[in-house]
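In what follows, every chain begins at residue 1, and chains take the letters A, B, ... in the order their sequences are listed.
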Number of protein chains: 2
Amino acid sequence: MIEAHLMRLKARHAIGADEVAAIRASIGEIRDYPARRILVEPGEELSFSTLVLKGLISRYKDLSEGQRQVTQVHVPGDFADLHSFTLKRLDHSIMTLTPCKVALVPHAKLTEITERFPHLTRVYWFSTNLDAAIHREWEVSLGRRTAISRCAHILAELRFRLEIVGMADKRSYDLPISQIDLSECLGLTAVHVNRSLRKLREDGIATFRTGRVEIQDLAALEEVGEFDPAYLYPTAVPI
Amino acid sequence: MIEAHLMRLKARHAIGADEVAAIRASIGEIRDYPARRILVEPGEELSFSTLVLKGLISRYKDLSEGQRQVTQVHVPGDFADLHSFTLKRLDHSIMTLTPCKVALVPHAKLTEITERFPHLTRVYWFSTNLDAAIHREWEVSLGRRTAISRCAHILAELRFRLEIVGMADKRSYDLPISQIDLSECLGLTAVHVNRSLRKLREDGIATFRTGRVEIQDLAALEEVGEFDPAYLYPTAVPI
DNA sequence: CGCAACTTTGACTTTACTCAAGACGAGTGG
DNA sequence: CCACTCGTCTTGAGTAAAGTCAAAGTTGCG
């Protein structure tokens, strides 16, 4: 059930048997949600964090003019809001992008982990710091990369993150979201994303169609997106 | 010496006398740096975190074409890289923007805090999650706000953050950085930042000149920047 | 004083946005 | 089985925002 989550943690740190047991003991209710279900509204007080078991979840902020900026996309194995453990009230919304299965982890259990498992605490702290590293890379995309480069970058990033949990390989992966969703991640209009994706397709680099990404030339994709996976910490230092 | 830091923590959480003592005990070497000194290069292994006592520090990433995106600016009282405690190697650079005084906090001391002070651990964890909240707000600026709105937003954000540590009021504050630095935060060219600042000045909202921000109309500044301080968690929930 | 870095402004270019219309595709009901 | 619908995708034409290039003005500092 939480294998993807353990996979994600173990990809970076040595997790002891007692820690795995503590993680399993922290899992509460399992829930299924349809696509586009809002899970968290800004400001509401939370008493649990949501672990993604299946599906894709986005965090986003809406502006006055109806514009939306997605600040992060979560894949299976990720916590969608481990940061809510310390923040309690979030500054953004959380929504499913696809049908999802999630596990609720009560904050009380996380508090217990901070009291009894300092190393696991540091591993979970690392996890929120990794989220922040992804935010930083997105800031770079939004601030400095061209539309085509942003598109290539996100396709490369999601491929890499999904590969860690065994849901992507070098050639393709499922990404059952719309170009509109993608445009909200990239700070572009859907029309412009469409044109940029066409360019990637015409250049023989990658194709995004009917919920699936087919990569013809991964090296080119990562080069166009200036994608360097270092910020995803594929190999972490023991803590 | 670390009063601004304690001020920043106490603005959000109750910090016990034993915790204050643990914080003071964690402070190592004090260092002074000139402006524009690079403190951390991407990938180098760190054994301490840097606490800002005086001055401004930026975190940034450089792209191949010589473009730079600043991902965060730190004010006195902030850790510039508390996240390096768990990440060890950073995905970005850290540089002083102005002459700075900093305190080095060995990671070993932070590890000790995670072993002996679970509540203080959660407070520091909160602190890195607050950094991530700022990253998210910057993603929104970079992705969706116009140039003028971005300029107004950052001036409002820095005012608010500096006020928390007693270095700004409603009317003005020192910001001894160049328009070039600002443009690297905002994902704009320096020329365009210059034009946007002129617009803010001509509209009687705010003036940024010779290292100082003078605010004629704070309400208008925050409205143009769509600035809502909720993401800075001025009032946090106990953890 | 004189240099260097930064600021300011103008003229022009590029990138991305807006608006609009037609095509496509999955799911629905007759 | 087919027409219909809704949301999404695609493309074209025109517009707006921000970038580029260049030059002059300003400021701080040695």
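Distance B:D181 CG to C:dT7 C1': 13 Å, rounded to the nearest Å. Going from atom CG of A:L197 over to atom C1' of C:dA16 covers 15 Å, rounded to whole Å. For B:H192 and C:dT8, the NE2 to P distance is 15 Å, given to the nearest whole Å. Between the CG atom of B:L182 and the P atom of C:dC6 there is a distance of 13 Å, given to the nearest Å. Distance B:R209 CZ to D:dT27 P: 8 Å, rounded to the nearest Å. For A:L186 and C:dC17, the CG to C1' distance is 15 Å, given to the nearest whole Å. Between A:L188 atom CG and C:dT14 atom C1' there is a gap of 15 Å when expressed in whole angstrom units. What separates CG of B:L142 from P of D:dA18 is a distance of 12 Å, to the nearest Å.
In summary, of the residues considered (B:L158, B:D181, B:L97, B:D174), a side-chain contact (heavy atoms from CB on, under 4.5 Å) with B:L56 occurs for B:L97 alone.
Of the listed nucleotides (D:dA18, C:dT7, C:dA20), C:dA20 has the atom at the smallest distance from the side chain of A:V191. Out of D:dC9, C:dA16, C:dT9, the shortest distance to the side chain of B:N194 is found at C:dT9. The nucleotide whose nearest atom lies closest to any side-chain atom of B:I180 is, among C:dC6, C:dA16, D:dG28, C:dC6. Proximity note for B:T189 (side chain, C-beta onward) versus D:dG19, C:dC19, C:dA16: the nearest is D:dG19.
Contact annotation for A:G211: no contact, since no heavy-atom pair falls under 4.0 Å across all strands. Using a 4.0 Å heavy-atom criterion, one finds that B:T146 contacts the sugar-phosphate atoms exclusively.
The pair B:D78-B:R161 meets the salt-bridge criterion, since a charged nitrogen lies less than 4.0 angstrom from a carboxylate oxygen. Checked for salt-bridge contact, A:E45 and A:R89 meet the test: a charged N lies under 4.0 Å from a carboxylate O. Taking a cutoff of 4.0 Å between a charged side-chain nitrogen and a carboxylate oxygen, A:K61 and B:E139 do not qualify as a salt bridge.
Of the residues near DNA chain C, B:F208 and A:I148, the one whose nearest nucleotide (by heavy atom distance) lies more toward the 5' end is B:F208. Comparing B:R198 and B:R36, the nucleotide of DNA chain C nearest to each residue sits closer to the 5' end for B:R36.
No hydrogens or angles were tested; on distance alone, nothing pairs the side chain of A:R201 with the base of D:dT10 as donor and acceptor under 3.5 Å. One N or O donor and one acceptor, one from the side chain of B:R195 and one from the base of D:dT20, sit under 3.5 Å apart.
Between A:H153 and A:F227, the ring-plane angle classifies as perpendicular under the 30° and 60° cut-offs.
A sub-4.0 Å separation between OP1 or OP2 of D:dG7 and a side-chain N or O of A:Q179 is absent.
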